[in-house]
Enquirer: 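My structure is below; once you've seen it, I'll send some questions.
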Amino acid sequence: MLQSWPKRCAVYAESLFSVPEGCVCFCDTMCLDILRHKKKVLLLLLLMAIGSIVYYLYTLKLERERDGFVTVTTSRLEHEVKELQAVFESEVIPGLGALGRPARGNWTQEQLEAIATSQRETGYNAWLSKRISPERTLYDMRHRSCKKLEYPLEKLPSVSAVITYHNEEASVLLRTLSSLRSRTPIMLLREIILVDDGSTVVNETLNDFLKIKFLNMVKHSRITTQVGLMHARVVGAEMALADVLVFLDSHVEVTKGWLEPLLDPMMRNNRTCTTPIIDTIDFDNFAYRRGKPSRGFFNWQFNYIQLPLLKEEAVAMPAPHQNPIMNGGLFAIGREWFFELGGYDKGLKIWGAEQIELSLKLWLCGGQILEVPCSRIGHLYRDGNFKIRYTDKNSNSEKKIISRNYRRVAEVWLDEFKDKLFANLPHLTVISAGNLAEQRELKKRLHCKPFQWFLDNLAQDFLHLYPIIDPGEYASGVIQSVSSPKLCLDRSDTQKRRPKLSPCSSDQVFPQPEQHWILTSRRELRSGNLCLEVRNQGLEVHLYECHGQSGNQFWSYDSKTRQVISGQMSNSRNCLEAQPDTNGLTSRACDPKNTKQKWKLGYQNDEKLLHFWDNVKTK
Ligand code: UDP
Ligand code: MN
């Protein structure tokens, strides 16, 4: 084809390019121009080639420099991580406490002293915690059917975990955060919001370490003056971006698969608040122990109590079941729903009754609380004798603040049943509840139901155990030693939380409050809000808030032998024994001949005592 083209140009001999023989070059004016200036063009091309090479070499150099820079910064970061890790994790003993087993060792005398000091300061064995890996493994305690459940992760909402803390030990806080990061599907955990509620010592090194270890997953905020749990939580919730808030204490360990089952019920009803089963982390050896599923409640003194599941709920285990009152520490709730409910009542301070307020609000104003047995979280319960200290700028005592909280919640949510509470806690009636207008307005706005609805729908078992009208008590007044008749049981030494013997009040039936004991219809020995309880295999007698759960607070009186006896089951009973030499008390194997084990009660209802063991399980 080409060969047939006419020769329109005769300059191809001088062409820049070799032209195959017989080819025809169609040259227009531009082509001719190029051919005329071929030297200049060659030069231009040469310059372009050199330019490209120089540019290429330059970019190569830049890249090398950047690589070098990255290597330097990475190694600096690694160095920093190592340095900070050494501060917080260098004492970790590999394998200690792994799988949630009790962390034990042959500690020296010096180490044992350090343990005792740390327990006094924090309410748990902080010395040991430092030696347990923040990433320790935990045994999977879930019901076997929970392990088979699958959840569509892409359909579940993501969460903001809100954790407030006051003077929490670094190692404990680290373990909380590490467990969260490693046992939560990353696509569901949008952020961890940490609110330091006025810790007295700010640990900058820890803050730096958290920044490096958890990068931008952790948002940290500090309130300079301690405001208490509820306010601090609301501050955290206001920072949250995810659709669901998960409130956690700063001393927990979440377990495998903890989050998905908590979120699942919210997909069906977004006014659902969910709670996990709370397992126990032992304050002494960090053993991880199984907690029981339960229905939470409050008793008529506003103490949190746990009741067993209803029969049909127990049969349906591990399906989620209704939880009338949440424990308060750990729960998940839709962010919008939480704020629609007004968060926590802003008039509640420090702590006390906040979980009752939120739970009642949830149920009465159109929501629900479900306990989800497939979700388990371990909580480090402190030694019962330890309490976090609160500093109140108006120098109100903690007791006064808690009483005010109780009164607020009772006034707003209990309707006429508040009188039942006031009968048990008469001091509440003389305490001001503050302004309740906002709470009453919220109740109206959300068309919340009366408390009677709660009793009718959620409290059948509760009313059976904690009736509105108390059945009479078995006995009351002094508990007088028969071997040392001048001495009576006295609870006034509450600092040590041990009862003692002191000279008897002149009035044996209506003695001073410290010697006034009641063998209640719940078969506990109560004085004020304290109950006698046995510990250490039933051999030590202590005083503790009445928990209403029988167990170590179960007592009976044998009018024939005059023994005061601890324990419900017939094979685990012991007798209260006077120790007149020290004015102390112990609990020993019962011996009807031992007069130190004999007691006279101020008043005893003989008729009722005859039926004491009716319908009580003893084997
Ligand atoms: N907390 C707080 N501010 C306070 C007291 C407590 O932020 O003034 C935190 C505390 O560090 C913990 C949570 O609130 O993370 C619950 O408190 P605590 O564990 O003492 O309550 P408990 O579990 O004993 O009921
Ligand atoms: Mn706690």
Side-chain angles (χ1 to χ4, degrees), residues 119 121-126 129 161-177 179-180 192-203 206 210 218 220-239 245-254 275-283 286 288 291 296 298 302-306 325-331 343-344 348-359 377-394 396-399 401-402 405 544-545 547:
Q119 294 217 8
E121 285 168 359
T122 60
Y124 50 74
N125 192 341
S129 173
V162 178
I163 300 175
T164 73
Y165 67 96
H166 177 79
N167 290 348
E168 193 67 86
E169 278 299 301
S171 63
V172 172
L173 184 59
L174 264 174
R175 199 167 305 107
T176 301
L177 301 180
S179 80
L180 253 181
I192 302 173
I193 297 172
L194 261 188
V195 182
D196 173 354
D197 179 19
S199 294
T200 42
V201 181
V202 179
N203 191 339
L206 174 66
L210 295 183
V218 170
H220 211 148
S221 147
R222 173 168 162 82
I223 303 169
T224 42
T225 324
Q226 184 185 16
V227 289
L229 166 68
M230 300 82 113
H231 279 221
R233 277 188 172 171
V234 172
V235 168
E238 279 167 353
M239 290 164 64
L245 306 169
V246 177
F247 291 100
L248 298 171
D249 278 9
S250 45
H251 37 249
V252 300
E253 284 172 73
V254 300
T275 55
I277 290 201
I278 304 179
D279 296 320
T280 297
I281 302 170
D282 189 288
F283 68 83
F286 284 77
Y288 191 101
F298 55 82
F302 259 4
N303 298 316
Y304 172 77
I305 55 167
Q306 288 175 298
I325 301 289
M326 68 168 96
N327 161 295
L330 327 172
F331 61 97
Y344 289 106
L348 300 178
K349 305 274 188 271
I350 310 272
W351 69 271
E354 79 283 355
Q355 83 282 35
I356 301 179
E357 193 245 355
L358 190 56
S359 304
I377 302 182
H379 174 263
L380 176 60
Y381 290 93
R382 288 172 214 269
D383 177 352
N385 295 323
F386 182 89
K387 285 260 173 333
I388 289 191
R389 290 195 180 283
Y390 296 90
T391 39
D392 177 57
K393 54 181 182 306
N394 302 321
N396 282 317
S397 74
E398 192 177 321
K399 194 164 177 229
I401 293 166
I402 296 166
N405 291 349
Y544 198 73
E545 272 84 15
H547 54 52

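Atoms within a ligand are numbered from 1 in the order they appear, just like the ligands themselves.
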Enquirer: Under a heavy-atom criterion of less than 4.0 Å, does Gly228 contact ligand 1?
Expert: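 It does; at least one heavy atom falls under 4.0 Å.
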Enquirer: State whether the number of non-hydrogen atoms from other residues, nucleotides or ligands found under 6.0 Å of Tyr544 atom OH is greater than 12.
Expert: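 At most 12 heavy atoms, drawn from other residues, nucleotides or ligands, come within 6.0 Å of this atom.
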Enquirer: Does a side-chain heavy-atom distance below 4.5 Å link Thr122 with Val172?
Expert: no
Enquirer: Taking the side chain as C-beta and beyond, is there a heavy-atom pair between Ser129 and Glu169 under 4.5 Å?
Expert: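 Counting from C-beta outward, Ser129 and Glu169 never come under 4.5 Å.
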Enquirer: Does His166 use its side chain to pair, donor to acceptor, with the backbone of Asp197 at less than 3.5 Å?
Expert: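 Yes, because the side chain of His166 sits within donor-acceptor range (under 3.5 Å) of the backbone of Asp197.
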Enquirer: Got a protein heavy atom sitting under 4.0 Å from atom 23 (O) of ligand 1?
Expert: yes
Enquirer: Heavy atoms only: which of Asn167, Asp197, Ile278 is nearest to atom 3 (N) of ligand 1?
Expert: Asp197
Enquirer: Quick check: do Ile163 and Ile192 have side-chain heavy atoms less than 4.5 Å from each other?
Expert: yes
Enquirer: For atom 5 (C) of ligand 1, find the nearest protein heavy atom and state the residue, atom name and distance (0.1 Å precision).
Expert: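 Heavy-atom neighbour on the protein nearest atom 5 (C) of ligand 1: Tyr390 OH, 3.4 Å.
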Enquirer: Do Ile281 and His251 make a side-chain contact, defined as non-hydrogen atoms from C-beta onward lying under 4.5 Å apart?
Expert: no
Enquirer: Check the angle between the aromatic planes of Phe331 and Phe247 and answer parallel, tilted or perpendicular using the 30° and 60° thresholds.
Expert: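 Tilted.
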Enquirer: To which of Thr164, Val252, Asp249 does the heavy atom nearest atom 10 (C) of ligand 1 belong?
Expert: Thr164
Enquirer: Measuring to protein heavy atoms, does anything land under 4.0 Å from atom 15 (O) of ligand 1?
Expert: yes
Enquirer: Which of the numbered atoms in ligand 1 are below 4.0 angstrom from a heavy atom of His379?
Expert: 23 (O)
Enquirer: Can you tell if the side chain of Leu210 reaches within under 4.5 Å of the side chain of Leu174, non-hydrogen atoms only?
Expert: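 Side-chain contact under 4.5 Å: yes.
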Enquirer: Taking 4.0 angstrom as the limit and counting only heavy atoms of Ser250, give me the atoms of ligand 1 inside it, by number and element.
Expert: 11 (O), 12 (C), 15 (O)
Enquirer: Using side chain to side chain donor-acceptor pair (under 3.5 Å) as the criterion, list what pairs up with Glu253, not counting sequence neighbours.
Expert: Arg136
Enquirer: Identify the closest protein heavy atom to atom 20 (O) of ligand 1: which residue and atom is it, and at what distance?
Expert: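 Of the protein heavy atoms, Ile388 CD1, 3.5 Å lies nearest.
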Enquirer: Anything protein N/O/S under 2.8 Å from the Mn ion (ligand 2)? Just list residue and atom, please.
Expert: Asp249 OD2, His251 NE2, His379 NE2
Enquirer: Out of all atoms in ligand 1, which are within 4.0 Å of some heavy atom of Gln226? Include the element for each.
Expert: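 Listed by number with element: 4 (C), 8 (O).
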Enquirer: Please enumerate all residues that pass side chain to side chain donor-acceptor pair (under 3.5 Å) together with Thr224, with sequence neighbours excluded.
Expert: none
Enquirer: Can you tell me which portion of Leu229 lies within the under-4.0 Å heavy-atom range of ligand 1? Options are side chain, backbone, both, or neither.
Expert: both
Enquirer: For Asn167, which residues count as a side chain to side chain donor-acceptor pair (under 3.5 Å) partner, sequence neighbours excluded?
Expert: Thr200
